[in-house]
Amino acid sequence: MNDINKIHYNIPQLEMSLIRPQLGTCIWGRGTGKTEGPGSEFILRNVLEMPGSLGGIVSITYDKLLNMIIPGLKEGWLRMGFKENVHYWIRKAPPEELQIPNCYRQPDTNTHLIKWFNGSAQLLISIDRVHISNGASLAYIYADEVKFFPREKFKEVLLTLRGQAHLYGEQACCESLLLTTDQPTPGMPGDWIYGIEEESNTEVAGIILAVQKEIFNLSQEKEKATKKRIKQIEKEIDGYLDDINTLRIGLNYVSRASTSDNIHALGLKVIENFKDTLTPFEFSLSVLNRKPDKPENSFYHLLDEEKHGYYAPNNEFIDGLTGRTEKDCRFDADLVWEMPLELGCDYNSAINWVTIGQEKDATYDIINSLFVLKPKKIKDLVSDFDKYYRHKKKVNNTIIYNFDHTAVGEDAKSDISFADEWITELSKKGWNVMENYIGYSPNHRSRFYLWQQVLAGDQKLKPFRVNRGNNIDLLISLKATVTRKDKKGDFQKDKSSEQKKTIAPQHATHGGEALDCLVWSKYRPMMEGNKSFLLATSM
């Protein structure tokens, strides 16, 4: 721990390391080192400066926390000389002979804990398991990929940031918060970070950097100073550090960085590869870190993630994992293993989608959605689907495949239709496919009014719900889908995003098309006898 480690920082990482605001936000592009940079340092400094404190690490889902965020943090801690099972222990107790003290209000079990050598710890929290933080009192919170965080759910976690000031006094790191993410795309739940950015105080941040420069100069002078001057310098530095701590308290600072800020570490070839493989929209958003425009006039205007969304992690299975495990249907608590899976698909050269639903006793749930991008095809998507649900297939292998005329009117290859290919590939994998042809694809007006009935909660219809953890890209697609009016003044779905290279295919209207097919096949038959709906869709 006392060895000197030389650590390379890019400019944004160095800036955040020096400023360390009490409320820090990093909106950084791909490859800039958010998690292993400011994320790992934020946690480690809090561990060292507040021994015995309890902080929190937050992710959108628990499996992402285990398989993506923690590995990134471990990489950062290793760079700084701190090793797993030596300096910290993940989801298990340290060896008893080390006699490591408990942290502040330490939980009874280590299932959701990272425990450190000096008694400090972090509670592992996810938006899909927000109850983990119930009753906790956290000294600080690190939240990664907040672009996926619904505001109201994250507020529940933030309520636990009620400090341990009686233990750690006026340190700015007490009750501190660090948010990291790349740029939210249109319709993402985490676009609330733009409101935080509006309050960013660059002036105070600049003062802190200036003071840090003075400390650096004094440190350089100290190396050649006399004993008397060294004492004076140390006193001056202590005064400056007190000033910086005061400036940090209450400071809201938002840092922006593009991938090019880390080009010396990544290399020009990586940037060129991003430009070759990403659409202009993705490149602008994820690499150049430019703000997107907000969508208006949503086609699915009554869709409310709080009302229609839910989380359903299989906590018992996840908590039993001992290492990194690729996600499959065993992670999902909302899967009814004995029931068939109902599919609705969209077929396109750029992307192929499948939405997966199940009708429960009280609700109709969209439990999952999957897609593959060009050059992958339907065969690849079926393979991904089969891999995800291979364990369920052993219990019930029945699939209800819903499709309309668009699945039979064009060729998926050169000799078979899209529907034929889906049915053939699923059958090869051992699935029992029940075909449900719904006829000609309904027009946008009909779909618009059906969605209004479904999302408004028509008493004659089963409540519609979406698994938020498994349908992140689908929900983005739905929220970004806008309406337009044709010459007759009718509402239409604006599908122009499917033709634009400036829109990522998974965030264009393709996902909604797949879901429309599934929802129409399920809910349209329930509307028989509803005169207002039949009149609206026939006009």
Please test Asn201 against Tyr253 for side-chain contact (heavy atoms from CB on, under 4.5 Å), starting from the C-alpha separation and ending with a verdict.
-> CA-CA 6 Å; Asn201 193 330; Tyr253 179 68; over 6 Å; no
With a 4.5 Å heavy-atom cut-off, do [X] and [Y] have their side chains touching?
{"X": "Gln122", "Y": "Tyr140", "value": "yes"}
{"X": "Ile367", "Y": "Leu341", "value": "yes"}
{"X": "Glu145", "Y": "Lys64", "value": "no"}
{"X": "Asp384", "Y": "Val354", "value": "no"}
{"X": "Asn470", "Y": "Tyr388", "value": "yes"}
{"X": "Pro150", "Y": "Ile127", "value": "yes"}
{"X": "Ser441", "Y": "Glu513", "value": "no"}
{"X": "Pro189", "Y": "Arg151", "value": "no"}

Name of the residue among Phe148, Phe149, Phe154 meeting ring pair (Phe, Tyr, Trp, His ring centres under 6.0 Å) with Trp192 |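 When Phe148, Phe149, Phe154 are each tested with Trp192, the ring pair (Phe, Tyr, Trp, His ring centres under 6.0 Å) holds only for Phe154.
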Measure from the side-chain N and O atoms of [X] to the backbone N and O of [Y], and report whether any donor-acceptor pair falls under 3.5 Å.
{"X": "Thr481", "Y": "Ser477", "result": "yes"}
{"X": "Glu152", "Y": "Glu306", "result": "no"}
{"X": "Asn402", "Y": "Leu518", "result": "no"}
{"X": "Glu36", "Y": "Gly33", "result": "no"}
{"X": "Lys307", "Y": "Leu455", "result": "yes"}
{"X": "Gln358", "Y": "Val336", "result": "yes"}
{"X": "Arg162", "Y": "Ala136", "result": "yes"}
{"X": "Tyr523", "Y": "Lys462", "result": "yes"}
{"X": "Ser417", "Y": "Asp420", "result": "yes"}
{"X": "Asn471", "Y": "Ser369", "result": "yes"}

So which heavy atom on [X] is nearest to which on [Y], and how close?
{"X": "Ile423", "Y": "Ser427", "answer": "O-OG, 2.8 Å"}
{"X": "His444", "Y": "Phe299", "answer": "O-CZ, 3.7 Å"}
{"X": "Leu178", "Y": "Cys26", "answer": "CD1-SG, 4.3 Å"}
{"X": "Leu474", "Y": "Gly512", "answer": "CD1-N, 4.3 Å"}
{"X": "Ile351", "Y": "His510", "answer": "CG2-CD2, 3.3 Å"}
{"X": "Ser521", "Y": "Asn436", "answer": "CB-ND2, 3.9 Å"}

Asn314/Leu335 under side-chain contact (heavy atoms from CB on, under 4.5 Å): CA gap, chis, key distance, verdict | CA-CA 9 Å; Asn314 185 350; Leu335 174 66; over 6 Å; no
Gap between atom [atom2] of [Y] and atom [atom1] of [X] - 0.5 Å precision:
{"X": "Asp516", "Y": "Leu450", "atom1": "CG", "atom2": "CG", "result": "8.5 Å"}
{"X": "Leu302", "Y": "His308", "atom1": "CG", "atom2": "NE2", "result": "7.0 Å"}
{"X": "Tyr311", "Y": "Thr61", "atom1": "OH", "atom2": "OG1", "result": "8.5 Å"}
{"X": "Phe42", "Y": "Leu179", "atom1": "CZ", "atom2": "CG", "result": "9.0 Å"}
{"X": "Ile141", "Y": "Ile57", "atom1": "CD1", "atom2": "CD1", "result": "11.0 Å"}
{"X": "Met16", "Y": "Ile11", "atom1": "CE", "atom2": "CD1", "result": "14.5 Å"}

Which of parallel (below 30°), tilted (30 to 60°) and perpendicular (above 60°) describes Phe371 and Trp353?
->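 Phe371 and Trp353: tilted rings.
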Please walk me through it: do Phe331 and Leu321 pass side-chain contact (heavy atoms from CB on, under 4.5 Å)?
-> CA-CA 10 Å; Phe331 283 68; Leu321 296 174; 3.7 Å; yes
Salt bridge [X]-[Y], side-chain N to carboxylate O under 4.0 Å:
{"X": "Glu305", "Y": "Lys153", "value": "no"}
{"X": "Glu197", "Y": "Arg256", "value": "yes"}
{"X": "Asp458", "Y": "Lys460", "value": "no"}
{"X": "Asp332", "Y": "Lys392", "value": "no"}
{"X": "Lys147", "Y": "Asp182", "value": "yes"}
{"X": "Asp144", "Y": "Lys34", "value": "no"}
{"X": "Lys522", "Y": "Glu342", "value": "yes"}

Could you walk me through whether Tyr310 and Asn467 pass side-chain contact (heavy atoms from CB on, under 4.5 Å), step by step?
-> CA-CA 5 Å; Tyr310 68 95; Asn467 183 319; 3.6 Å; yes
Are more than 12 heavy atoms from other residues, nucleotides or ligands located less than 6.0 Å from atom CE of Met68?
-> no
Axial cation check for Tyr62 ring with Arg129, 6.0 Å and 45° limits | yes
Would you check if the distance from the ring center of Trp431 to the ring center of Tyr401 is below 6.0 Å?
-> no
Taking the six-membered ring where the residue is Trp, are the ring centres of Phe403 and Trp422 under 6.0 Å apart?
->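 No, too far apart.
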Would His301 and Gln452 count as having a side-chain donor-acceptor pair, cut-off 3.5 Å?
->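 Yes - a donor-acceptor pair under 3.5 Å links their side chains.
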Option passing side-chain contact (heavy atoms from CB on, under 4.5 Å) with Phe385 (candidates Asn368, Val372, Leu370) =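 Looking at Asn368, Val372, Leu370, the match for Phe385 under the side-chain contact (heavy atoms from CB on, under 4.5 Å) is Leu370.
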Steps toward side-chain hydrogen bond (donor to acceptor under 3.5 Å, both in side chains) verdict (Tyr142, Thr180) = CA-CA 8 Å; Tyr142 167 55; Thr180 60; 3.1 Å; yes
